[in-house]
Amino acid sequence: MTIKFSSIDEAFKWFLENTYKKLPADQKKGRLTYAWRDYTHNGSITEKRMKTILNEFGEIEVRTEVLYKTE
């Protein structure tokens, strides 16, 4: 299954709501719990940290699109 997101933040939010919640309790301990807490309560999680976690549970591909238009 491939899902398209407009940002890493959006992908991580989806991960927390759909994958993280379904993980067994023993997998939610430690750094995943800290990441969830940091994202949910503080909003102070780095994009690098989100990418690392997302890559552990799936494969992410990040693309940058730049559109430049002149008149």
Side-chain angles (χ1 to χ4, degrees):
M1 172 172 70
T2 301
I3 305 171
K4 186 175 182 178
F5 300 100
S6 59
S7 68
I8 296 295
D9 186 66
E10 187 181 320
F12 196 72
K13 181 178 180 180
W14 182 91
F15 166 79
L16 292 177
E17 293 171 356
N18 295 280
T19 302
Y20 177 78
K21 285 183 179 183
K22 296 176 184 174
L23 293 175
D26 62 321
Q27 274 192 293
K28 290 183 185 179
K29 293 182 180 178
R31 61 185 204 73
L32 281 181
T33 300
Y34 296 132
W36 169 82
R37 188 178 304 135
D38 289 345
Y39 182 84
T40 306
H41 298 292
N42 302 334
S44 64
I45 183 170
T46 64
E47 193 172 284
K48 180 180 177 181
R49 192 167 153 209
M50 287 189 269
K51 286 179 182 179
T52 300
I53 291 169
L54 289 171
N55 270 320
E56 287 181 26
F57 292 90
E59 181 181 331
I60 64 167
E61 179 180 331
V62 179
R63 298 178 187 169
T64 302
E65 183 175 314
V66 178
L67 302 174
Y68 177 70
K69 295 181 181 181
T70 61
E71 293 186 49

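Surrounding OH of Tyr34 are at most 12 heavy atoms belonging to other residues, nucleotides or ligands under 6.0 Å away.
Note that NZ of Lys29 and CG of Leu23 are 13.5 Å apart. Values are rounded to the nearest 0.5 Å. To the nearest 0.5 Å, atom CD1 of residue Ile60 and atom CD1 of residue Ile3 are 13.0 Å apart. Rounding to the nearest 0.5 Å places CG of Leu54 at 8.5 Å from CZ of Phe5. Between the CE atom of Met50 and the OG atom of Ser7 there is a distance of 8.0 Å, given to the nearest 0.5 Å. Distance check, rounded to the nearest 0.5 Å: CZ of Phe57 to CZ of Phe15 gives 4.5 Å. To the nearest 0.5 Å, atoms OG1 (Thr19) and CD1 (Ile53) are separated by 12.0 Å.
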Glu61 vs Arg63, test: salt bridge (charged side-chain N to carboxylate O under 4.0 Å, His left out). Steps then yes/no.
CA-CA 7 Å; Glu61 179 180 331; Arg63 298 178 187 169; 2.7 Å; yes
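Between Lys51 and Glu47 there is a salt bridge, since at least one side-chain N of the basic residue sits less than 4.0 Å from a carboxylate O of the acidic one.
Side-chain contact between Trp36 and His41: present, with at least one pair of heavy atoms (C-beta onward) separated by less than 4.5 Å.
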